[in-house]
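Okay, so here's the structure we're looking at.
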There are 2 protein chains.
Amino acid sequence: MKILPDKTVERLSQYRRALLICRAENKTHIFSHELAGLIHITPVQVRRDIMLIGYTGTLRKGYDVHELISLIGRIIDTEEGLRVCVVGIGDLGRAIIRYFKGKRTKLVITAAFDANPEKVKCVYSGVPCYPIDQLETVIKEQGISIAILTVPGEVAATVGQTLEKAGIKGIINYTPTPLNVSENTYLGGYDMITSLEKAAYFVKSNREM
Amino acid sequence: MKILPDKTVERLSQYRRALLICRAENKTHIFSHELAGLIHITPVQVRRDIMLIGYTGTLRKGYDVHELISLIGRIIDTEEGLRVCVVGIGDLGRAIIRYFKGKRTKLVITAAFDANPEKVKCVYSGVPCYPIDQLETVIKEQGISIAILTVPGEVAATVGQTLEKAGIKGIINYTPTPLNVSENTYLGGYDMITSLEKAAYFVKSNREM
DNA sequence: TTTGTATTGTTAGTTTATTAACAATAAAAC
DNA sequence: GTTTTATTGTTAATAAACTAACAATACAAA
Ligand SMILES: NC(=O)c1ccc[n+]([C@@H]2O[C@H](COP(=O)([O-])OP(=O)(O)OC[C@H]3O[C@@H](n4cnc5c(N)ncnc54)[C@H](O)[C@@H]3O)[C@@H](O)[C@H]2O)c1
Ligand SMILES: NC(=O)c1ccc[n+]([C@@H]2O[C@H](COP(=O)([O-])OP(=O)(O)OC[C@H]3O[C@@H](n4cnc5c(N)ncnc54)[C@H](O)[C@@H]3O)[C@@H](O)[C@H]2O)c1
């Protein structure tokens, strides 16, 4: 399939999240305007995205929830799955591991890493925690390709380097430290302060009107 | 000032984060390409954003770090500040409170709420936790205008309603539950699974090439 | 002094993303 | 059986975001 627009990929993920909830509620079909409402966008956008991935719904009946979930899976997920690790098991790292637990079968957190010897022996929501100096070994052994970075900001840059050296293909960086990675490593992540400040700007502008 | 593009506001927040680090390192001036490198965008974009907010740097010397920080503050922040609360003090809520601690003076978390009586008495990183049934009272008393929602998904919709009733103007929803709020309440938030799935799609597409 | 270089500010151009519009048509209403 | 309505799929139009290009110019080097 042709490469999809960035924003469409992002929305596909959101669609799936919403559709999984629908499926859990035994809903078999959904209209474009319903799906749109769930994630606060327009129905046109939904239809356009769905067109882009080559799916067609049934007129006056909507989209088949199961089929759509499965198609989005075929687009976003890989056949054999991708493995993910979390580096830095503080509050944020733990929250993320718990949040992921059991959510996906094709994108699984299989390892955690920490520098603190106390944490290293433990298993968090089913994910074993290894000492940070085994990072490279474990990543290669398990074939992990994506890392979520939740270490303290001061050590983030160093750990980032190590991750790249270990062969990681994508990093989601939640630390406030800018990472310096090579061109072909995907870099994601966002800052909660930025989310808040956007909200603040909106609230401010709204009040002035 | 004319309303700024959404993306520019987002980047202004990121610029400030980077600039604050620079200031801490006693850097007084910064070039567009340096600032760009820190957040992985192009220098042109930096210059354009800075043009939009009406600032001008010094030729061959770059932008004054202090001045730029202060100008971004005047744009994003409000004169008298905005108050923020966190609803649901689990791992994620705590991580957020800690992350914010002391970071901003114009955007301050002043209250937390939880349903668990054990947590209610405590103070988290300087933020007192109130019982959820005092939500409306405390929000009105303290003049809180933005809420960060980190309760379990099952209760999110209900709590969202209450927040709106209490006069909240913006909600950052980190739960996976779609919220149903009125038109003029700002709604933000981000899903970490979506971040990951975007990364996965990228890694997958890259490999196929 | 003159020339060359680095860097800003800005305009115009391009690409990407969103929205509007509407033909097609299945189902429902009459 | 005919008309109306709701909904999809798609194309065309608009808007937003980004990028390229370059004039202007301060500073450094020659
Ligand atoms: N992006 C955001 O919006 C956001 C929000 C909250 C926190 N954060 C950031 O996320 C990071 C983690 O936050 P937290 O609240 O969980 O912090 P935390 O201090 O609770 O956790 C950090 C963990 O990293 C471990 N660690 C320290 N050095 C390490 C190393 N060299 N290698 C591996 N592990 C190491 C520590 O033992 C600890 O368990 C921080 O950088 C914080 O600033 C970002
Ligand atoms: N957006 C994301 O990427 C992301 C990541 C991680 C977690 N989450 C979500 O964030 C939420 C919190 O995650 P967590 O790991 O901190 O969960 P958690 O279970 O540790 O925390 C939830 C807290 O909410 C409190 N609570 C329960 N009912 C409440 C109510 N009615 N009013 C107020 N407080 C109430 C609980 O006492 C608990 O302290 C969950 O919905 C989770 O799915 C989202």
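Below, chains carry the letters A, B, ... as their sequence lines are ordered, and counting in each starts from 1. All values reported here derive from a predicted model rather than from experimental measurement.
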Original post:
In B/S/- notation, 5' to 3', how is nucleotides 20-26 of chain C contacted by protein heavy atoms closer than 4.0 Å?
Top reply: BB---BB
Original post:
Between Asp6(A) and Lys198(B), does at least one N-O distance fall below 4.0 Å, as a salt bridge requires?
Top reply: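 Lys198(B) and Asp6(A): salt-bridged.
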Looking at [X], I'd like to know if its [atom1] atom is crowded, meaning that more than 12 non-hydrogen atoms belonging to other residues, nucleotides or ligands lie closer than 6.0 Å.
{"X": "His66(A)", "atom1": "NE2", "result": "no"}
{"X": "Lys140(B)", "atom1": "NZ", "result": "yes"}
{"X": "Glu80(A)", "atom1": "CD", "result": "yes"}

Original post:
Do any pairs count as a side-chain hydrogen bond (donor to acceptor under 3.5 Å, both in side chains) and have a residue in residues 54-63 of chain B, sequence neighbours left out, and if so which ones?
Top reply: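 Matches after skipping sequence neighbours: Tyr55(B)-Glu67(B).
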Subject >> Residue that, paired with Leu163(B), satisfies side chain to side chain contact (heavy atoms under 4.5 Å, CB included) out of Asn173(B), Ile146(B), Ile171(B), Ile144(B) >> reply: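 For Leu163(B), the side chain to side chain contact (heavy atoms under 4.5 Å, CB included) check succeeds only for Ile171(B).
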Length of the line joining [X]:[atom1] and [N]:[atom2], which is rounded to integer Å:
{"X": "Leu52(B)", "N": "dG9(C)", "atom1": "CG", "atom2": "P", "answer": "12 Å"}
{"X": "Asp49(A)", "N": "dT16(C)", "atom1": "CG", "atom2": "P", "answer": "16 Å"}
{"X": "Gln45(B)", "N": "dA21(D)", "atom1": "CD", "atom2": "C1'", "answer": "16 Å"}
{"X": "Lys7(B)", "N": "dT19(D)", "atom1": "NZ", "atom2": "C1'", "answer": "15 Å"}

Subject >> Residues from residues 27-41 of chain A lying under 4.0 Å of DNA chain C - heavy atoms >> reply: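 Nothing qualifies; none.
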Original post:
Heavy atom of residues 61-69 of chain A under 4.0 Å from DNA chain D: which residues?
Top reply: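 Those residues whose heavy atoms fall under 4.0 Å from DNA chain D, taken from residues 61-69 of chain A in numerical order, are Gly62(A), Tyr63(A).
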**OP:** Look at all strands and tell whether Thr8(B) reaches a base, only sugar-phosphate, or nothing, counting heavy atoms closer than 4.0 Å.
**Re:**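 Contact class for Thr8(B): none.
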Original post:
Which residues pass the ring-ring contact (aromatic ring centres under 6.0 Å, His included) test with Tyr186(A), sequence neighbours left out?
Top reply: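 With sequence neighbours excluded, Tyr186(A) shows a ring-ring contact (aromatic ring centres under 6.0 Å, His included) to Phe202(B), given in chain and number order.
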**OP:** Check ring-ring contact (aromatic ring centres under 6.0 Å, His included) between Phe31(B) and all other residues, then give those that pass, not counting sequence neighbours.
**Re:**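 So Phe31(B) forms a ring-ring contact (aromatic ring centres under 6.0 Å, His included) with His33(B).
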**OP:** Check whether any side-chain N or O of Thr177(A) sits under 3.5 Å from a backbone N or O of Gly153(A) as a donor-acceptor pair, and report yes or no.
**Re:**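 At least one qualifying donor-acceptor pair exists.
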**OP:** If the plane angle is over 60° it's perpendicular, under 30° parallel, otherwise tilted; pick one for Tyr174(A) and Tyr190(A).
**Re:**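 Ring orientation, 0 to 90° scale: perpendicular.
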